[in-house]
Participant: 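Encoded as structure tokens, here's the structure I'll be asking about.
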Amino acid sequence: MRSGPNGAGLSRKAIFAELDASLKRLGTDCIDLYQVHRWDYDTPIEETLEALHDAVRSGKVRYIGASSMHAWQFAKALYLADLNGWTRHRRDPVEPAGAGQADPGPGKRGLSPAQVALAWVMRNPVVTSPIVGVTKPAQLADAVAAVDVELDEDEAAYLEDSFYKRQPVAGSR
């Protein structure tokens with residue numbers, strides 16, 4: 001995002017300005033997943049949700065997603081989207097529960113918790129690209145290093161049995 005008016009936040013004007021800039025930068029006419037990250041306390045959530053819905057309806061975006069918000073905020077967004085017939089956010093878990101804890105499994109190889117979590121996510125055949133958020137160079141280095149980490153079946157089973165509790169996918173039968 002950029003400095004100045006409407007250079008940040010989730011107002012309709014900011015969303016479409018940044019979406020159009022992203023499309024131009026990427027040299028494409030459609031983005032597969034447009035992800036919002038933080039709740040914008042300065043913009044009514046209805047404005048944000050309707051703008052995201054319009055981005056999908058216009059064909060500029062296929063899916064919308066959300067992360068880094070409280071569960072009540074995400075629930076409110078889903079409720080309002082359903083109430084108004086707007087496109088729903090997708091919010092999929094991106095790391096096993098407890099991945100930040102020390103573990104005797106893959107951690108024995110000297111891997112950071114972030115590397116273990118990313119390696120676990122990347123071994124899932126339905127994941128085409130994990131979404132990572134970094135704010136420090138060390139976090140980026142961890143994410144890049146995770147590309148070369150392959151968990152064996154015993155390590156993956158350890159993580160899934162010890163930390164990960166499967167949840168049904170919302171809307172599935």
Side-chain angles (χ1 to χ4, degrees), residues 1-26 28 30-101 112-122 124 126-147 163-165 167 169-171:
M1 307 282 262
R2 56 192 158 66
S3 61
N6 298 306
L10 297 174
S11 70
R12 180 180 191 81
K13 183 170 176 80
I15 287 171
F16 275 96
E18 296 307 320
L19 176 58
D20 289 340
S22 293
L23 290 168
K24 184 176 181 180
R25 242 184 349 266
L26 294 168
T28 187
C30 183
I31 293 175
D32 289 330
L33 174 64
Y34 193 73
Q35 186 98 350
V36 298
H37 298 287
R38 308 277 188 284
W39 189 266
D40 181 355
Y41 291 95
D42 297 323
T43 302
I45 187 61
E46 294 86 354
E47 179 180 341
T48 299
L49 294 172
E50 189 171 20
L52 292 170
H53 173 73
D54 290 346
V56 172
R57 288 195 50 161
S58 72
K60 293 181 179 188
V61 172
R62 287 195 178 95
Y63 300 99
I64 57 173
S67 67
S68 301
M69 60 178 65
H70 297 289
W72 71 264
Q73 293 168 327
F74 189 65
K76 182 177 181 177
L78 290 175
Y79 171 77
L80 289 170
D82 289 345
L83 185 68
N84 291 288
W86 295 327
T87 306
R88 297 181 104 224
H89 285 76
R90 299 181 56 87
R91 183 174 190 245
D92 300 319
V94 295
E95 69 178 55
Q101 302 170 6
S112 72
Q115 290 171 336
V116 172
L118 282 168
W120 180 81
V121 168
M122 289 188 292
N124 187 328
V126 301
V127 174
T128 56
S129 176
I131 298 172
V132 297
V134 299
T135 57
K136 299 178 177 117
Q139 294 169 331
L140 179 59
D142 259 355
V144 171
V147 171
F163 298 105
Y164 182 69
K165 305 298 181 232
Q167 300 294 322
V169 175

Participant: Please name the pair of heavy atoms, one in Ala14 and one in Gly9, separated by the smallest distance, quoted to 0.1 Å.
Facilitator: CB-O, 3.7 Å

Participant: Which pair of non-hydrogen atoms, one from His53 and one from Gly85, has the smallest distance, and what is that distance?
Facilitator: CE1-O, 3.7 Å

Participant: So do Ile64 and Val36 actually touch side chain to side chain, heavy atoms under 4.5 Å?
Facilitator: no

Participant: Tell me, please, which residues at least two apart from Leu33 pass side-chain contact (heavy atoms from CB on, under 4.5 Å).
Facilitator: Gln35, Tyr63, Ile131

Participant: Measuring only between side-chain heavy atoms, which start at C-beta, is Leu49 closer than 4.5 Å to Asn84?
Facilitator: no

Participant: His89 versus Phe74: any side-chain heavy-atom pair under 4.5 Å?
Facilitator: yes

Participant: What distance do Asp40 atom CG and Glu47 atom CD have between them, rounded to the nearest 0.5 Å?
Facilitator: 8.5 Å

Participant: Does His37 use its side chain to pair, donor to acceptor, with the backbone of Ser67 at less than 3.5 Å?
Facilitator: no

Participant: To the nearest 0.5 Å, what is the distance between CG (Leu19) and CD1 (Ile31)?
Facilitator: 5.0 Å

Participant: As an exercise, state the distance from OG1 of Thr135 to CG of Leu140, rounded to the nearest 0.5 Å.
Facilitator: 10.5 Å

Participant: One pair to check against side chain to side chain donor-acceptor pair (under 3.5 Å): Tyr34 and Glu18. What are the steps and the verdict?
Facilitator: CA-CA 11 Å; Tyr34 193 73; Glu18 296 307 320; over 6 Å; no

Participant: Given Ile45 and Trp39, is the side chain to side chain contact (heavy atoms under 4.5 Å, CB included) satisfied, shown in steps?
Facilitator: CA-CA 8 Å; Ile45 187 61; Trp39 189 266; 3.7 Å; yes

Participant: How many angstroms lie between CZ in Arg12 and CD in Glu46, if you round to the nearest 0.5 Å?
Facilitator: 14.0 Å

Participant: Provide the closest heavy-atom pair for Leu118 versus Ala143 in the form atom of the first, atom of the second, distance.
Facilitator: CD1-CA, 3.6 Å

Participant: Would Asp20 and Lys60 satisfy salt bridge (charged side-chain N to carboxylate O under 4.0 Å, His left out), going step by step from the backbone distance to the final call?
Facilitator: CA-CA 9 Å; Asp20 289 340; Lys60 293 181 179 188; 2.7 Å; yes

Participant: Could you report the tightest heavy-atom contact between Cys30 and Gly59, atom names first, then the distance?
Facilitator: SG-O, 3.4 Å

Participant: Out of curiosity, Thr128 OG1 to Met122 CE, how far, rounded to the nearest 0.5 Å?
Facilitator: 12.5 Å

Participant: Which atom names give the shortest non-hydrogen contact between Leu10 and Thr43, and what distance separates them?
Facilitator: O-CG2, 3.5 Å

